[in-house]
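Remarks on the structure that follows.
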Amino acid sequence: MAGTSSQTGQERTARGKTARAVWSRDFALFFTARAIARLGDTMLPVALAAGLLQHGYGAGAVGLAMAATAAAFAGLVVFGGVLADRFSTRKLMIGADLVRLGTQALAAVLFFSGHVVLWQICAIGFVNGVAGAVFQPGVASTVPRLASDIQGANGAIRVAESAAQLAGPAVAGLLVGFASPGGVFAAHATTYAISALCLLLLRLPPLAPGRRTVAGRGSKAFRADLVEGWREFRSRQWLWGVIAVWCVYMIAVWGPTVPLVATEVVQEHGPRAYGLVNSALGAGTVVGGLLALRLRPRRMLRAGAIALVGFAAFPASVGAGLGVPAMATGAAVAGAGMSFWGVMWATSVQTQVPPDVLNRIHAYDVAGSLAMMPVGQALAGPAAAALGADHVLLVAGATSFGVCAALLLIPAVRGLVRVDAAAAGSERTTAAPEPSRAEKR
């Protein structure tokens, strides 16, 4: 009994240390900023679809408006990574939020006034994509500066974003029903205002001593930083190996799964069933985030790749024509596996990559991860017409197993050992060179 009591006390102490290693005033502000912004982002598709359809545009116009944002983001996020490594990430993120506050407020005015022109909505979406490309790289380097338990911090943020993803469409639907699409855009603008305020109140700790200072200005120095980021990215086999496999995943699994699942479930079971399946997917991502808060595998990418096997249940259950409960279960398992992998991956990047190039590496990671998604989505229709949507989804489920196997077959991926954030920070501080007199000033 005494031994059990002592062990329980040690477990409580360990949990207390973990909580203190994550939660602080500043991390709470960043956590709130990410959760609120994610809530707004998940409201946007509902607002765009309802608003444009209401003003006589079709589904193609909705896709075009969304594509304008995605194209700007994917095409410019690498340059955003260079900016984030050269300037204050906090100021860049605040600026990006304020830009999107302005664009979404303008969109709200257009929808409230009834003067909705497609090219204007696409232009607003493009500007939002540029702002997102400037904002996103700084997220990677902010988390390690706010929490010594980086995995715990990523797990907490993933849970919050997943919960926001569950609530966002429902909130948007209520706003469209009781107000108008313009009301959703106004609410979305407000989420960016709250995010900017949280980041404004945020106090980031000083950068580690010995961090490389940016040398030179102008286009030549900018290109040099871009090339250095690519060189650092290419030098890590586990990093580019995962991105290479992920390109296949986006083309053959994720890309076709999203549109074809929506089509199949709505046609066979109705929109309510699709809403239930989507909610199950979101609930699964919350569970995956909670698991990532508790489980601390020594080889994080190996554990994440094994968990990712669960995603096969989502397209396979729909492709096999199973009932709604089975599809919802498959979606929940898929969400949990994807979420757990996401935390393992983000933590590995943030702890294994030097702070000097982390924003650029994260930008290359994001660009590489998203680059093939539109290709997969574009091929989904022709593939479904040629083979049948159910067969394409079954192939996507089988390919999901192949992708996980490919990740585990790369020695650098399956053998990557986790870095304790506290130990890594201590080693970096110890190994850092003494700052020069100019730096001390």
Side-chain angles (χ1 to χ4, degrees), residues 3-24 26-28 30-31 34-35 139-163 236 238-239 241-242 246 283-311 332-355 358 361-362 365 404 407-408 410-429:
T4 304
S5 176
S6 173
Q7 186 177 1
T8 304
Q10 289 173 358
E11 289 174 353
R12 286 175 181 165
T13 302
R15 284 197 296 269
K17 287 180 178 178
T18 299
R20 287 194 297 273
V22 173
W23 290 103
S24 64
D26 292 313
F27 179 75
F30 186 69
F31 175 88
R34 298 304 305 137
V139 173
S141 61
T142 300
V143 172
R145 292 174 68 182
L146 293 177
S148 57
D149 179 10
I150 297 175
Q151 181 183 332
N154 283 319
I157 291 172
R158 180 57 61 102
V159 170
E161 290 180 342
S162 300
R236 292 168 173 81
W238 62 270
L239 190 60
V242 168
W246 209 251
T285 61
V286 173
V287 172
L290 291 172
L291 287 173
L293 278 169
R294 297 189 63 85
L295 302 179
R296 305 279 166 152
R298 185 166 182 264
R299 289 180 170 81
M300 302 177 73
L301 295 184
R302 177 189 294 184
I306 292 172
L308 193 60
V309 171
F311 189 83
V333 172
M338 177 68 81
S339 182
F340 188 82
W341 159 263
V343 174
M344 297 298 108
W345 172 248
T347 305
S348 296
V349 173
Q350 291 164 357
T351 54
Q352 300 279 350
V353 174
L358 179 54
I361 292 290
H362 177 61
D365 162 26
C404 298
L407 289 172
L408 293 171
I410 302 173
V413 173
R414 70 170 184 270
L416 189 71
V417 177
R418 70 177 297 126
V419 174
D420 267 330
S426 173
E427 288 171 7
R428 288 178 192 141
T429 303

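Taking 4.5 Å as the limit, every side-chain heavy atom of Leu407 sits out of range of all side-chain heavy atoms of Arg414. Annotation: side chain of Val349 is in contact with side chain of Leu358 (closest heavy-atom distance under 4.5 Å). For the pair Val417/Arg299, a side-chain contact is recorded, criterion being any heavy-atom separation below 4.5 Å from C-beta on. Contact of the Met338 side chain with the Thr285 side chain is not registered, since no non-hydrogen atoms from C-beta on lie closer than 4.5 Å. Side-chain atoms of Arg236 and Leu416, non-hydrogen and from C-beta on, never get closer than 4.5 Å to each other.
Checked against a 6.0 Å centroid threshold, the rings of Trp246 and Trp341 count as neighbours.
Residues Ser339 and Gly289 share a closest heavy-atom pair of OG-N, 3.2 Å. Between Ile150 and Gln350, the shortest heavy-atom contact is CG2-OE1, 3.1 Å. Val343 approaches Gln151 most closely through the heavy-atom pair CG1-O, 3.9 Å. The shortest heavy-atom contact between Ser348 and Met344 is OG-O, 2.8 Å. Here the closest heavy-atom approach between residue Asp149 and residue Gly152 is recorded as OD1-N, 3.1 Å. Considering every non-hydrogen atom in both Ala153 and Val143, the closest pair reads CB-CG1, 3.8 Å.
Of the inter-residue distances, the one linking Ile306 atom CD1 with Phe340 atom CZ reads 9.5 Å to the nearest 0.5 angstrom. Rounding to the nearest 0.5 Å places CZ of Arg296 at 16.0 Å from CZ of Arg298. In this structure, CG on Leu301 lies 9.5 Å from CG on Leu239, to the nearest 0.5 angstrom. Within the model, atoms CG of Asp26 and OG1 of Thr142 stand 11.0 Å from one another, a figure rounded to the nearest 0.5 Å. To the nearest 0.5 angstrom, Gln352 atom CD is 12.0 Å from Ile361 atom CD1.
Between the side chain of Glu161 and the main chain of Arg34, no donor-acceptor pair closer than 3.5 Å is present.
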Verdict with reasoning, Ile157 to Phe27, per side-chain contact (heavy atoms from CB on, under 4.5 Å): CA-CA 10 Å; Ile157 291 172; Phe27 179 75; 4.0 Å; yes

